[in-house]
2 protein chains.
Amino acid sequence: MATQHDSQGEALTERQQAVLDAVLALMVEKGGDLTMTAVARRASCSKETLYKWFGDRDGLLTATVRWQASKVRAGNYDRQRLDVSALRDSLVRFAANWLSVISSPTSIALNRLAIAQGGKGDKGASNLGAIVLANGRFAIGERLRPVFEAGREAGLIAFTDTETAFRTFIGLVGRDVQIRLLLGDTLDLAGPEIERDAARATDQFLALYGTGDNAPRRPTIHA
Amino acid sequence: MATQHDSQGEALTERQQAVLDAVLALMVEKGGDLTMTAVARRASCSKETLYKWFGDRDGLLTATVRWQASKVRAGNYDRQRLDVSALRDSLVRFAANWLSVISSPTSIALNRLAIAQGGKGDKGASNLGAIVLANGRFAIGERLRPVFEAGREAGLIAFTDTETAFRTFIGLVGRDVQIRLLLGDTLDLAGPEIERDAARATDQFLALYGTGDNAPRRPTIHA
DNA sequence: GGAGAACCGTAACGTACGGTACGGTGTTTT
DNA sequence: AAAACACCGTACCGTACGTTACGGTTCTCC
């Protein structure tokens with residue numbers, strides 16, 4: 001109780017950020033079994049400092065998740081003039097960005113850690129899974145929601161529940177990529193593949209939800 | 001080396017199956033931190049027996065994953081007469097079954113374990129993730145493949161790559177359910193919800209891949 | 001009925017790791 | 001300059017867990 005652990009004060013020193021980056025690097029290359037000793041050695045700091053700054057192991061992990069989340073704040077996707085081309089462009093750019101994020105080694109390692117810690121029964125009041133979910137999946141949903149609703153206002157797409165439409169879009173984009181990567185499947189999404197998948201998913205989504213004029217019956221047989 | 005660990009001999013005694021069921025039960029209710037002592041106590045057997053039967057902790061986990069996989073072999077989905085109604089029925093039944101499997105506590109706990117162990121660096125030559133992937137996702141794909149290709153042969157659906165079409169289907173069915181459950185999100189898929197989602201996903205898939213006559217332009221605004 | 005195997009329960013061992021304490025060093029403050 | 005502070009490196013402690021060892025009990029087979 002002597003220290004305040006700057007729980008979400010978010011006042012991170014340069015040095016502290018470097019420590020958290022070391023944690024991320026260690027997670028990526030060594031897996032989820034990262035020990036405090038390994039972190040201290042990698043970051044060239046003492047364990048005492050780690051405990052003073054982050055309280056305990058759980059606090060360190062939580063801070064790391066928040067730190068990574070704060071780095072992934074991607075661009076905004078809404079537009080002023082909204083025709084079908086602009087909407088499609090926004091969706092494709094979002095899909096490509098999201099695919100590249102979830103297939104990045106850092107994201108995989110982070111999700112792996114949060115999932116592993118998720119089932120730990122009583123221990124650890126700070127649920128990493130909830131943090132990842134709030135800063136990842138749900139934050140993304142909130143960021144894309146205005147795009148969907150602007151598209152509906154403009155009469156380009158039609159749906160009753162934004163959330164359901166968004167979940168369909170996310171399903172078309174991600175498919176089984178995330179679970180396969182988490183389970184260790186080696187499918188490397190290169191740049192062009194990501195672009196192609198993003199376009200395919202967006203066209204499929206527009207085929208399902210687009211209004212009559214702009215949605216071709218079956219845009220192309222992508223598969 | 002005195003014992004043969006019956007690696008994949010699959011000659012499991014009743015007693016051994018009971019032990020593995022105890023492991024599953026323990027995984028579900030206590031999370032991934034299951035210890036050999038806890039397993040022995042829960043299964044009312046000695047640790048010495050555990051090690052004689054399964055070699056080491058990794059062997060026990062591997063046997064557990066295989067055992068669970070052998071219990072989930074669901075029904076077959078292909079038909080003789082194949083009209084659009086039969087195809088839709090097969091797909092809906094598959095989707096509902098798969099949704100109920102991936103949302104079951106056992107499946108969640110098992111995937112959590114496999115994912116957690118996935119990033120453990122050098123340790124553990126037996127990759128649980130690969131086993132789960134082979135017996136789960138890939139086995140499912142192989143089982144549904146004949147349905148897809150029969151549908152194409154019958155001219156009901158059109159695609160060039162079966163795998164890609166299947167992945168689109170799986171994306172429409174699962175959406176973000178699995179990752180959210182793994183991260184600890186509490187979304188309980190009740191029976192009717194599963195049925196509704198399965199029907200929605202199947203209709204969306206048929207809208208995308210169905211051939212002209214049977215695929216209404218936009219079947220219903222499900223969302 | 002007795003020998004031997006299979007197995008249960010528990011104690012014991014070695015290691016790994018989270019967390020703490022302490023000496024040493026460089027930097028800031030007064 | 002001396003005191004105060006922040007931090008590094010390392011040694012240390014307690015515990016938890018994987019693994020092994022052992023005495024006692026039940027079952028099988030002759």
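Protein chains get the first letters and strands the later ones, always in sequence-line order, with residue 1 at the start of each. Scope of the values below: all heavy atoms of this structure, side chains included, with no hydrogens, waters or symmetry mates.
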Might you point out which heavy atoms bring A:S90 and A:V147 nearest each other, and give the distance in Å? CB-CG1, 4.3 Å

Checking all strands, does A:L50 fall into the base, sugar-phosphate, or nothing category for heavy-atom contacts under 4.0 angstrom? nothing

Nearest-Å distance, NZ (B:K30) to C1' (D:dA16)? 14 Å

Output yes when a side-chain donor or acceptor of B:R112 lies under 3.5 Å from a complementary backbone atom of B:L182, and no otherwise. yes

Whole Å only: how far is the CD atom of A:E48 from the C1' atom of D:dA11? 13 Å

B:R175 bridged to A:E163 by N-O distance under 4.0 Å: no

Interatomic distance where CG belongs to B:L60 and C1' belongs to D:dC17 [whole Å]: 14 Å

Using a 3.5 Å distance criterion without hydrogens, assess whether the side chain of A:T64 forms a donor-acceptor pair with backbone atoms of A:L60. yes

Students should find this one: the first and last nucleotides of DNA chain C, 5' to 3', lying under 4.0 Å from a heavy atom of chain B. What are they? C:dC7 to C:dA11

Pick the nucleotide of DNA chain C nearest each of B:K47 and B:R15; which residue has the one closer to the 5' end? B:R15

Salt-bridge criterion met for B:E48 and B:K52 (N-O under 4.0 Å): no

Just compare D:dA21, D:dT20, D:dC17 and give me whichever is closest to any side-chain atom of B:Y51. D:dT20

Answer yes or no: does a side-chain N or O of A:W53 lie under 4.0 Å from OP1 or OP2 of D:dA6? no

Nearest heavy atom decides the nucleotide; on that basis, is A:T37 or A:S46 closer to the 5' end of DNA chain C? A:T37

With a 4.0 Å cut-off on N to O distance, would you call B:E142 and B:R137 a salt bridge? no

Report yes if a side-chain nitrogen or oxygen of A:T49 is closer than 4.0 Å to either non-bridging phosphate oxygen (OP1 or OP2) of D:dC8; otherwise report no. yes

